[in-house]
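For reference, the structure is listed below as structure tokens.
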Number of protein chains: 2
Amino acid sequence: MPPKRTTVRDLRRQNRSTLLSMLFFEGPLSRHELGARTGLSAATVSNVTGELVEDGLVVEAGSVGSDGGRPRVLLRVNPGFGHVIGVDVGETGIKVELFDLGMTQVAAVEHAMSPADPGAVARLIAAGVAEVAAGVPVSSVLGVGVGVPGTVEQGASAIVHARTLGWDGVPLEEMVRAAGVFGVPLHVENGAKTQGQAEMWFGAGRGARHVVVALVGSGVGAAVVTEGSVYRGATSSAGEWGHTTIVYGGRACRCGSSGCLEAYVGADGILARYQEVGAAFGGGDEQSGVDALIRAAGSSEAAARVLEETAGYLGAGIANLVNLFNPERIVLGGWAGLALGERYFEEIVAATRVHSLRHPYEQTSIALGQLGPDAVAVGAATLPVAALLDRAADPRKPSSHADIA
Amino acid sequence: MPPKRTTVRDLRRQNRSTLLSMLFFEGPLSRHELGARTGLSAATVSNVTGELVEDGLVVEAGSVGSDGGRPRVLLRVNPGFGHVIGVDVGETGIKVELFDLGMTQVAAVEHAMSPADPGAVARLIAAGVAEVAAGVPVSSVLGVGVGVPGTVEQGASAIVHARTLGWDGVPLEEMVRAAGVFGVPLHVENGAKTQGQAEMWFGAGRGARHVVVALVGSGVGAAVVTEGSVYRGATSSAGEWGHTTIVYGGRACRCGSSGCLEAYVGADGILARYQEVGAAFGGGDEQSGVDALIRAAGSSEAAARVLEETAGYLGAGIANLVNLFNPERIVLGGWAGLALGERYFEEIVAATRVHSLRHPYEQTSIALGQLGPDAVAVGAATLPVAALLDRAADPRKPSSHADIA
DNA sequence: CAAGTTAGTTCGCGACTTAAAATTAGACTA
DNA sequence: TAGTCTAATTTTAAGTCGCGAACTAACTTG
């Protein structure tokens with residue numbers, strides 16, 4: 001049982017956070033409207049926003065007339081208050097992107113590399129962060145978020161387990177710090193979760209509070225959002241949808257088990273099933289393979305059948321999420337998910353309906369993701385922003401007179 | 001976005017709730033210790049507990065010496081402050097039980113009936129409540145909780161969907177009220193969730209914050225507890241584990257789909273699979289059938305094989321929960337779950353390990369439930385208690401001067 | 001330019017938590 | 001049996017916070 005007191009000061013923090021978050025997500029708003037939407041009194045809104053403006057977190061943004069009265073002054077989060085950095089550690093290289101607080105991309109770099117060696121990855125992240133942050137004052141960087149393929153164990157310091165990369169218990173957070181990123185909040189998170197977060201903030205998940213973002217690519221994963229925030233479970237490795245058993249005793253999966261969803265609807269699984277049907281494939285990477293397969297479906301009976309089966313497996317997998325999580329919306333993303341979804345949306349939805357219980361199914365809508373896999377970096381960059389909105393940037397300067405003592 | 005203000009009054013409610021909950025769960029404690037555990041100052045603890053004592057919610061319970069100083073006065077929740085009622089609507093009848101605030105059973109009645117007719121069930125609930133509450137003052141009943149087999153849609157008034165009972169959109173809450181239970185908080189909830197809640201408060205889930213209670217009986221369900229409270233999803237029908245697909249294209253399930261977990265490990269499914277293997281069964285109900293099957297496993301190769309397969313399916317199903325929810329503990333319950341678990345615990349755990357990812361698996365422990373299926377009623381009775389702890393019983397009498405106006 | 005409107009501020013109040021000082025309530029001592 | 005000690009509570013005084021009411025600011029209208 002963690003100590004759970006509530007002091008009068010938490011009130012202010014909470015209300016600061018509420019107002020700041022509302023300004024961030026609902027665009028420019030007047031104080032009046034803030035009061036109406038949050039339920040806070042005009043007095044409090046005035047008081048708190050005054051503080052936020054004084055702290056530089058919020059700025060005025062013009063005003064709009066209101067028939068016959070004093071015009072409202074619009075407020076919005078100050079995009080120049082600071083910057084955040086998002087890092088996408090992929091299977092072929094890393095991307096580092098710098099955003100201002102308006103989430104406008106300011107700079108970006110990309111380095112190809114094999115991520116087999118964690119040390120090299122950490123050094124490359126540190127180098128990328130330095131490159132990208134070169135143009136802005138150091139103190140302006142509010143935090144760095146890193147999205148990695150694999151499960152992340154959140155603790156005093158984040159530990160990464162990524163079977164596909166051969167990482168087993170890599171203390172990535174410490175390594176990145178050691179490589180030169182210190183004095184700045186560092187958040188390491190599973191890439192599927194950061195991508196899901198991006199869909200929630202800027203994509204198909206906006207406005208909903210209970211969402212499952214299902215991601216299908218080479219790997220298969222999901223980000224589960226409940227009550228508006230990403231579900232993490234006890235050690236934050238929740239949402240490992242890809243290695244959920246969907247065909248007991250079925251195809252072998254690279255995770256060592258059998259019958260996993262990923263073995264059927266992951267890019268690998270799809271192509272392997274196609275080849276087993278007798279259709280040989282030339283070389284090329286997975287992505288072009290899947291694209292070719294989808295194109296072939298127009299003429300090839302075998303290709304069409306494989307894809308229809310895939311839609312069936314995928315629908316059943318989605319149905320499991322519907323039954324277990326009862327979300328109000330399912331967002332299907334990931335490069336393979338989007339490719340399949342565009343061509344076989346009806347089939348996937350139909351399979352979902354068949355395999356889920358009527359009641360939760362009726363409560364859910366299914367949509368395609370709007371962001372594509374590039375979203376991992378933006379999503380990672382939202383992590384420090386979320387922390388900022390949550391803490392609402394510590395009220396007042398940190399201990400200004402402590403120096404004297 | 002729901003209005004989200006925080007007023008200074010919420011503080012007091014929050015702290016009342018924290019202190020009352022701590023007294024409820026952690027037995028008698030002194031004010032001093034309350035302060036230490038909650039982080040609240042001694043002054044606040046004294047102030048708030050004074051109010052709680054005055055309101056009759058808390059009473060002193062002796063004192064213990066403290067080497068050489070003023071002895072601490074122990075405080076505990078007043079068991080006599082009020083009573084709560086739990087109702088278990090089962091497939092063969094209903095049970096109604098009355099508890100005091102110490103959760104000691106004070107009275108209980110049981111009525112056999114077929115629950116096919118919702119109206120009759122509602123009337124029987126009302127009658128049972130009246131019977132059981134006959135011995136205590138009306139105003140002493142703090143609330144009634146009802147556990148039903150089927151999904152419950154929480155809204156202005158609870159609606160029940162229970163395919164096995166033939167209920168489709170039954171407004172049970174309204175019906176029970178119409179049948180005579182009014183003026184008292186009424187909570188209707190899925191029986192699996194109430195049973196899970198009981199395991200959390202009094203059984204194998206105590207002390208953990210992320211738990212999945214897996215229940216296997218005639219039906220198969222789960223109660224997912226995250227951050228200490230039952231996960232409900234968007235419309236509170238989350239946790240429908242039983243109709244999750246585990247063998248794509250497999251056995252037909254009574255839900256209309258195929259390959260559901262319930263079709264393999266539900267009592268029905270187990271017995272049906274045994275019969276298909278050629279072993280004929282006499283009559284008898286499911287429970288004695290499963291018991292007989294387990295006894296037969298000692299001598300019959302076929303019976304043993306069916307049960308081992310069952311353990312495999314069940315382990316895979318549990319592994320899916322491990323992968324998706326990343327709980328710190330799994331509690332296996334339900335009458336069939338307990339029967340299987342006692343005899344085949346090793347096999348179930350082994351299958352779980354095989355089908356789950358190593359990392360989340362290592363974070364989880366698997367335990368048998370401690371309460372048995374009788375727990376549905378106690379669990380239902382915890383619902384009004386939870387509401388009480390949460391609101392901390394409205395500070396001060398409800399609008400004492402509103403009468404005058 | 002006066003009247004009418006709507007937005008935002010200021011002021012004083014009541015409710016809260018807290019730190020510090022004061023007050024118990026036994027145990028121990030001489 | 002009065003005096004001394006120690007540790008648990010209760011009081012007291014101070015500082016925060018959000019709220020409602022009264023007040024001020026900034027336009028539009030006729």
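Just so you know, these numbers use all the heavy atoms, side chains as well, and skip hydrogens, waters and symmetry mates. Chain naming here is simple, since letters A, B, ... match the order of the sequence lines and numbering starts at 1 in each.
Under the 30°/60° scheme for interplanar angles, the aromatic rings of A:Phe325 and A:Tyr231 are found to stand perpendicular.
Atom CG of B:Leu34 is separated from atom P of D:dT10 by 12 Å (rounded to the nearest Å). When rounded to the nearest whole Å, the span between CD of B:Glu60 and C1' of C:dT24 equals 13 Å. Atoms CD (A:Glu51) and C1' (D:dG18) sit 13 Å apart, rounded to a whole Å. Remark: P of C:dT6 and CZ of A:Arg31 are 19 Å apart, rounded to the nearest angstrom. Rounded to whole angstrom, the span from the CD atom of A:Glu33 across to the P atom of C:dT6 amounts to 15 Å. Straight-line distance from the CG atom of B:Leu40 to the P atom of C:dA19: 11 Å, rounded to whole Å. The CZ-C1' distance, from A:Arg72 to C:dG8, rounds to 12 Å in whole Å. Atom CZ of B:Arg16 and atom P of C:dC16 are 10 Å apart (whole Å).
Legend: residues meeting side-chain contact (heavy atoms from CB on, under 4.5 Å) with A:Thr44, ordered by chain and number and at least two apart, are A:Leu40, A:Ser41, A:Val48. Residues satisfying the side-chain contact (heavy atoms from CB on, under 4.5 Å) criterion with A:Pro384, sequence neighbours excluded, are A:Val84, A:His187. Residues forming a side chain to side chain donor-acceptor pair (under 3.5 Å) with A:Gln105 (at least two apart in sequence, or on another chain): A:Glu97.
Note on B:Val73: only backbone sugar-phosphate atoms sit closer than 4.0 angstrom, heavy atoms only; bases stay farther off. Residue contacts for A:Asn47: at a heavy-atom cut-off of 4.0 Å it reaches no nucleic acid atom on any strand shown.
Judged purely by distance below 3.5 Å, without hydrogens or angles, the side chains of B:Thr382 and B:Gln197 pair a donor atom with an acceptor atom.
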Identify each donor-acceptor pair in which a side-chain atom of residues 74-83 of chain B lies under 3.5 Å from a protein atom, sequence neighbours left out, and give them as a table.
| residue | atom | partner | partner atom | Å |
| --- | --- | --- | --- | --- |
| B:Asn78 | OD1 | B:Gly80 | N | 2.9 |
| B:Asn78 | ND2 | B:Gly56 | O | 3.1 |
| B:His83 | ND1 | B:Ser140 | OG | 2.6 |

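The pair B:Glu227-A:Arg232 does not count as a salt bridge, with every side-chain nitrogen at least 4.0 angstrom from each carboxylate oxygen. The pair A:Arg329-A:Glu199 fails the salt-bridge criterion, with no side-chain N (NZ, NE, NH1 or NH2) lying under 4.0 Å from an Asp/Glu carboxylate O. Using a 4.0 Å cut-off between charged nitrogen and carboxylate oxygen, A:Arg16 and A:Asp55 count as a salt-bridge pair.
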Checklist outcome for this item: With sugar-phosphate taken as primed atoms, P, OP1 and OP2 and all else as base, the protein-contact string of nucleotides 23-30 of chain D at under 4.0 Å (heavy atoms; B, S, -) is --BBBS--
Protein-nucleotides 13-15 of chain C N/O pairs closer than 3.5 Å?
none

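In this model, the phosphate group of D:dG18 is approached by a side-chain N or O of A:Asn15 to a distance below 4.0 Å at OP1 or OP2.
If A:Val45 and B:Leu11 are placed on DNA chain C by their nearest nucleotide, the residue sitting closer to the 5' end is A:Val45.
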